[in-house]
Number of protein chains: 2
Amino acid sequence: MRVSLKDVAAHAGVSIKTVSNVVNDYQHVTPAMRARVQRSIDALGYRPNLAARHLRKGRTGIIALALPEFGNPYFAELAAAVIDAAAEHDHIVLLDHTGGRREQEVLVSQAFRARVIDGLILSPIELAADDLRDRAEDVPLVLLGEREYDLPYDHIAIDNVAAARTAVRHLISLGCREVAFIGARRGNSEPAELRLRGWRAELTSAGLSVDDGLVAATDGWGYGDGAAAMVGILTGGRRPDAVFAYNDPMAMGAMRVLHEWGLRVPEDVAVVGFDDVVEGRFGAVTLTSVSPDKGAIGRLAVESVLARLGGTTSEVRRIRAGHRIVERESTLGRRHAANDGTIRVPS
Amino acid sequence: MRVSLKDVAAHAGVSIKTVSNVVNDYQHVTPAMRARVQRSIDALGYRPNLAARHLRKGRTGIIALALPEFGNPYFAELAAAVIDAAAEHDHIVLLDHTGGRREQEVLVSQAFRARVIDGLILSPIELAADDLRDRAEDVPLVLLGEREYDLPYDHIAIDNVAAARTAVRHLISLGCREVAFIGARRGNSEPAELRLRGWRAELTSAGLSVDDGLVAATDGWGYGDGAAAMVGILTGGRRPDAVFAYNDPMAMGAMRVLHEWGLRVPEDVAVVGFDDVVEGRFGAVTLTSVSPDKGAIGRLAVESVLARLGGTTSEVRRIRAGHRIVERESTLGRRHAANDGTIRVPS
DNA sequence: GCGCCGCTTTACAACGTTATACGACCCGAG
DNA sequence: CTCGGGTCGTATAACGTTGTAAAGCGGCGC
């Protein structure tokens, strides 16, 4: 049977509370007493019962993290970041996946699946603002990702406009002049809208023309959608010298199409993706990508939950996490080409 | 404040235990009483406090799952499978990652990070048998993956020999005659040994010669290791018409090298990987791979933990989960080539 | 030498739930 | 009408921990 405070107390010949004080590093305990109790603790191999502690304190030390799917390396890395950040604060993470389905997301947001949690970090895909509005739950909720909700919950996302500008600036710095944008969403998807805005802003500030013929709208956000969009641009007779895609899978789909059309990446067309998914690091030509600072996102998310738990903060925080561009072959070779002076002009 | 049994009892004008009986579907409760209590429960929005229940019952309903990393899609999918399987049994999964580092794995196996768990599912990489031998923990442990331990813990893995044979058989059925094996491990790594054995067995049973010049040993198990091994084989003057790799990243590394050497996949060389990692589905040439039945592994793991928790089973179970081969371009095109009658012979 | 004060330690109650054991009640049989 | 046996409901006591308040125990000043 598990050994409890009572057993240790009996063994050390002191009261239960004294043992508790030692365990919790309570300050007013004589060194001698502390040592004596510690010996008993070690001798019996005492380990606190968290269930009891939780019951008493009203906290479980567990934070739930609900992501659409782990199969997507972006979320896998984000999960790792959150777990590590939580560990820093002596908290444990309970992971759940929603499949990006609204129904599951609602369930999770109501903390139905897991009622043991202190707080909840949710990365929604389909969830509607109304689903959250009548949330009758007292556990703090922090939202992650690109969807914007006009609701009193902390929200952590990267600055899409700035990140898109970074990507386009990178392409322009390589000598590209006709930068296509793949992944403007049909229907109003905020992040796509913001990244498109960044694309437009950076082109404008570089003095380049903004050509809507180089923007491809898509329904989905997968590999196939990127490929189809690229086909659309090429069959439209356009020959951009760069592609900025809404995300990595779409960029890879585009690269595949470029390959099939006999266009070389990056010599003929430079390609930049978004999210820095691990998949982009493999493949025939590795993919340059905008990399959100997942570590920062995880850390900020955990800290937001804990702050709200501490009850100190009441104001709603909207945090923009950082990003950086990770250069790989889909743009890197380009620099060499440019250095050669051989700037290839697509026919 | 949260509403407790006491509040509901007061509201319904009955005793606390009666409410508890209704909540737990205890049998000796009059329908009338049950309805009356249920009305109060609904009216007050009562939800049981799990911490208290756990304290009382000694169970938390939480199973920990410790994997090397989520960045690897194989583990991400496995995690999803375990979570779903656990949900089937009204249990929640607490995910942890070890980075494949022994130190972390030991920590996890001792349930140090998470002391709230009923059971533990661990997929070890470096963990030694001795680390587990003096495990002074009473929470049931189930091991996953290829490492074999001669210890009294349930273990779930796929049949490596059979799976390797399936892969090689697939290649032979496509007309391949010289099948290289990439990823025999320097040092004794059981799974690599088993897959090598499967490779050998299938070649033998097909009446083909077993040529150790086509076996490449490696230190690691990453993309670069696969590439290096492939280079080794090619510079050795060998021109296999098929490659069976220890895992998907290594297969992709090999494919890249083949590409650089001007060899086409699958026309000149067919390639099969192992694990069916999502990454293999992207890339210039999608990768055929041996796909372990992750759903089955997850389900079996959860059931093993729960069985042990129930205390009914005492015998140690070693379970072999199933597998299947997922055919993609790295072998599929080959069939067409064969159908053409144009079987290309490498120079 | 006495009283007071502050530092340690302790007793007790509570957190919300469920198991145990018992009491109240109802119905049919004696 | 009473008694026995089953059914249904309840009071009480845990589970292991920590906060509160008070008691013990020194030492120090007068």
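Order of the sequence lines sets the chain letters (A, B, ...), proteins ahead of strands, with each chain counted from 1. Since the structure is predicted, the reported quantities are computational estimates derived from the model, not experimental observations.
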message = Do A/His97 and A/Glu69 have side chains that approach each other closer than 4.5 Å (heavy atoms only, starting at C-beta)?
response = no
Per-nucleotide protein contact string for nucleotides 4-10 of chain C, where B marks a base within reach and S marks sugar-phosphate only (heavy atoms under 4.0 Å, - for neither) = ----SBB
query = Does the base of D/dT18 carry an N or O that pairs as donor and acceptor with the side chain of A/Arg56 under 3.5 Å?
reply = yes
query = Within the structure, does a side-chain N or O atom of A/Arg53 lie under 4.0 Å from either OP1 or OP2 of D/dT18?
reply = yes
key: 5'-most by nearest nucleotide on DNA chain D - A/Val23 or A/Lys6   = A/Lys6
request  = Starting at atom CG of A/Leu50, determine the distance to atom C1' of D/dC15, rounded to an integer number of angstrom.
outcome  = 14 Å
Residue pair B/Ser109 / B/Leu120: nearest heavy atoms and the distance that separates them = CA-CD2, 3.8 Å
key: Atom-to-atom span, CG of A/Leu5 to P of C/dC15 - whole angstrom   = 19 Å
query = Do A/Val93 and B/Leu95 come close enough that some side-chain heavy atom pair is under 4.5 Å?
reply = no
inquiry  = Can you measure A/Asp7 atom CG to D/dC15 atom C1' for me and round it to whole angstrom units?
reply    = 13 Å
task = Check for a donor-acceptor pair, side chain of B/His54 on one end and backbone N or O of A/His54 on the other, with a separation under 3.5 Å.
result = no
inquiry  = Checking B/Ser123 now: which residues fulfil side chain to side chain donor-acceptor pair (under 3.5 Å) with it, not counting sequence neighbours?
reply    = none
query = Does B/Lys17 count as lying over the ring of B/Tyr26, i.e. NZ or CZ under 6.0 Å from the six-ring centre, within 45 degrees of the axis?
reply = yes
query = Once you round it to whole Å, what is the distance between P of D/dT18 and CZ of A/Arg59?
reply = 14 Å
ask   = Can you tell me how far P of D/dG16 sits from OH of A/Tyr46, to the nearest Å?
value = 10 Å
task = Under 4.0 Å between any heavy atoms, over every strand shown, what does A/Ser20 touch: base, sugar-phosphate, or nothing? Just pick one.
result = base
key: Nearest-angstrom distance from the residue atom CG of A/Leu55 to C1' of C/dT17   = 8 Å
